[in-house]
2 protein chains.
Amino acid sequence: MTNIHDIARLAGCSVSTVSRVINHQKYVADDKRAKIEAIMRELDYVPNRMARDLSNGQTKTVGVVLPYANHPYFARIIDGIVSAGFAAGYKITMLPTNYDVTVERRYLDQLRSKAYDALIFTSRSSSLATLERYRKYGQIVCCEDPGDERPLAAAFTDRLASYINALAWAKRQGYQTMGVVLSRNNLISASTRTTRAAYEQVYGDLAPEKLFTGAVTYDDGYRAGAYFANLTPPVEAIFVNGDNIAAGVHQFFVDHDCQPLPVIGQENLLTSRILKFSTIDHHLEALGEAAFRLAIGSSTTHELIKSEFIKR
Amino acid sequence: MTNIHDIARLAGCSVSTVSRVINHQKYVADDKRAKIEAIMRELDYVPNRMARDLSNGQTKTVGVVLPYANHPYFARIIDGIVSAGFAAGYKITMLPTNYDVTVERRYLDQLRSKAYDALIFTSRSSSLATLERYRKYGQIVCCEDPGDERPLAAAFTDRLASYINALAWAKRQGYQTMGVVLSRNNLISASTRTTRAAYEQVYGDLAPEKLFTGAVTYDDGYRAGAYFANLTPPVEAIFVNGDNIAAGVHQFFVDHDCQPLPVIGQENLLTSRILKFSTIDHHLEALGEAAFRLAIGSSTTHELIKSEFIKR
DNA sequence: GCTTGACCTGGGACCGGTTTCATAAACTAT
DNA sequence: ATAGTTTATGAAACCGGTCCCAGGTCAAGC
């Protein structure tokens, strides 16, 4: 591989001058510049990215931490991040965790070792305190509402408001009892916390039998449908944490000739459009774009993305 | 930031010895090793990734070139690549092109500048000849059948066989005329070429009026549905280049109270499951995993992934 | 006693760039 | 004529590691 020294030697000048030409800086004589450029072209020379990055102390790379790549929720966020990153000339690296805290920690250590300029957590298993400790090694952006304390940069949707809005609408439609389907039943998950809070505000206490947890996929939703089909007394509608999961719930009713309970989904995926149930569109692409802006250092440290309730 | 020289100074030894400790090499006295490890822990030291990469001449990074991230076809391949990459300790970087050849060229130049160890083209706009010219700067993997000439590594599905299989099945079912929906009507797209070839083998010449092109999304499929609904003489079934697009075709018929024409989709997405139409599952995750293996240098240079026809 | 080889350690070149600083020539202003 | 500024260039330190090689110690083998 030809390097900057080769170019300098062939051009009969110093590497400093070549470097100036590469970076389009002033103070290079026109003829010398032309000559160096000609030699670079002739030798098919491209400056080594790693060397530049090392010298500049930056990678122009942002890591995206996510549980798994094949989930529409994360896919949409990633789409936004990748688009914004592309426009800004940044590289986006995918960092899957499978919800393993150890793996998350490994990525944080990579941030420390300057493998990335910043890290975006689309979801997290580590505590906020842990994340804050790594803040000094690079920007860290969360994709959740930080609440009152705002130590970390965050891009988030107005989940609570949109959940309350959707549930209140359902109640006005006459659904007096409401079942809930969630993914994880722990308190780290912002989605879980917020759903419970919204539910309590509209429907009061969330009775344990009205809650089905552990739902991530269509098949999980199918099982949730089975659960609610056999529940006595039955609920009148179900609030589900994702359109594909809601589609599973719906499909169970169809497959078993039950009167389908109305479901409300999230993400506004194709499935809700096809099966014509209401859903909340969180505008996740916009969320991803905002997260990226925060990652490479915007003046603000928090961005709220407005959700949209799609009644069907 | 503390670096290896700081550690060496504090430990009263040379950087060589510290480097040996970092890399768990032999020939370091036990007490000295313990001391160095203690100091590293105390100072919260992590070796700089960029410096190591520069010195080693590798990045442990593979770039994935794709038109756009939010398409299920590419999402599934990426899923496979990311999983395999994670297992092998590699970083996966997303490189969107929007089918812009200029952008593709830019990524090839980044390969030249050692920004990645390898590049995986899930789709390409550049010619194979162009890709081959960049082969010497790093491994390049295509996700398409290379045919007779096999200069580049490739992971691909048995498209032709699976298309013929699906179309032949449809013909046996009694569908004597078949419409076709495709994305791009050019010869670079392997999918387009192969579909035409399979069609000709089963149904003979593909009459222009039986072909609808430019379909990438559900809405495109909806338009395709409108097209075939008004076609005279009508076709008896439609072979579509993706489940979500096929869902759009189907939905047009439903929305307009036509007798829905049977559709055959691809990718075995949730939509085909819900709407219960037949589809070809190309096992794209497996394809992605194979592509990654080829990217980091497997003994073989070509891998064929078997498709599966799902009759519904 | 001498050779041999395993073990331990450090100096310094090297990976391929960027950047500071010193130097000098050419030009401008007094 | 002199001081001050702009332009042009190169030497060398630096970013933070890896690794080859030279040199030294020490015990086993003959």
Side-chain angles (χ1 to χ4, degrees), chain A residues 1-37 39-40 43-61 91 109-117 137-138, chain B residues 1-37 39-40 43-61 91 109-117 137-138:
Chain A
M1 283 301 297
T2 87
N3 60 29
I4 198 172
H5 295 93
D6 298 335
I7 304 293
R9 188 160 26 77
L10 263 54
C13 67
S14 73
V15 293
S16 321
T17 306
V18 179
S19 179
R20 281 187 200 99
V21 172
I22 292 171
N23 296 292
H24 304 102
Q25 289 174 9
K26 282 168 54 177
Y27 303 142
V28 176
D30 286 346
D31 56 338
K32 191 155 278 185
R33 182 182 302 261
K35 183 174 181 188
I36 290 172
E37 279 171 348
I39 292 177
M40 293 199 300
L43 291 199
D44 202 32
Y45 167 78
V46 173
N48 182 301
R49 184 75 279 147
M50 287 188 277
R52 304 183 83 168
D53 286 347
L54 173 61
S55 199
N56 291 326
Q58 55 151 17
T59 59
K60 286 270 186 183
T61 300
K91 291 189 286 266
D109 282 326
Q110 290 180 1
L111 177 68
R112 205 157 60 132
S113 77
K114 299 285 173 209
Y116 320 107
D117 291 351
Y137 305 116
Chain B
M1 285 303 298
T2 87
N3 60 30
I4 198 172
H5 296 93
D6 298 335
I7 305 293
R9 188 160 26 78
L10 263 54
C13 67
S14 73
V15 293
S16 317
T17 305
V18 178
S19 179
R20 280 187 202 100
V21 172
I22 292 171
N23 296 292
H24 306 101
Q25 289 173 8
K26 281 169 54 178
Y27 301 141
V28 177
D30 287 347
D31 56 338
K32 191 156 276 185
R33 167 169 276 141
K35 183 175 180 187
I36 291 172
E37 278 172 348
I39 292 176
M40 293 199 301
L43 290 199
D44 204 31
Y45 167 77
V46 173
N48 183 301
R49 189 65 288 144
M50 287 187 280
R52 303 183 83 167
D53 286 346
L54 173 61
S55 198
N56 291 325
Q58 57 151 17
T59 59
K60 285 266 183 187
T61 300
K91 293 189 286 267
D109 281 326
Q110 290 179 3
L111 177 68
R112 208 160 56 135
S113 77
K114 299 286 171 207
Y116 320 107
D117 291 351
Y137 305 116

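All values below come from the heavy atoms of this structure, side chains included, with hydrogens, waters and symmetry mates left out. A, B, ... follow the sequence lines: proteins, then strands. Residue 1 opens every chain.
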Side-chain ([X]) to main-chain ([Y]) donor-acceptor, under 3.5 angstrom:
| X | Y | result |
| --- | --- | --- |
| T59(B) | D117(B) | yes |
| N23(B) | Q25(B) | no |
| N3(B) | H5(B) | yes |

How long is the straight-line distance from [atom2] of [Y] back to [atom1] of [X], given to the nearest 0.5 Å?
| X | Y | atom1 | atom2 | result |
| --- | --- | --- | --- | --- |
| M50(A) | S55(A) | CE | OG | 14.0 Å |
| D53(A) | S113(B) | CG | OG | 9.0 Å |
| K91(B) | R49(B) | NZ | CZ | 5.5 Å |

Requested in this report: Classify the nucleic acid contact of K114(A) as base, sugar-phosphate or nothing, counting any heavy atom under 4.0 Å across all strands shown.
Outcome: nothing

Requested in this report: Mind checking S19(A) for me? I need base, sugar-phosphate or nothing, with any heavy atom below 4.0 Å counting as a touch.
Outcome: base

Query raised in the report: Is the shortest side-chain N to carboxylate O distance from R112(B) to D44(A) below 4.0 Å?
Result: yes

Report task. Could you tell me whether the side chain of I4(B) reaches within less than 4.5 Å of the side chain of Y45(B), counting heavy atoms only? Result -> yes

Query raised in the report: Counting only side-chain N and O atoms of N23(A), is one of them less than 4.0 Å from OP1 or OP2 of dT18(C)?
Result: yes

**Report entry** Near-strand residues of residues 49-59 of chain A, defined as heavy-atom separation under 4.0 angstrom from DNA chain D
**Finding:** L54(A), S55(A)

Report task. Extract, from 5' to 3' on DNA chain D, the first and final nucleotides lying under 4.0 angstrom from some heavy atom of chain B. Result -> dG16(D) to dC19(D)

Report task. Identify, between H5(A) and C13(B), the residue whose nearest nucleotide on DNA chain C lies closer to the 5' end. Result -> C13(B)

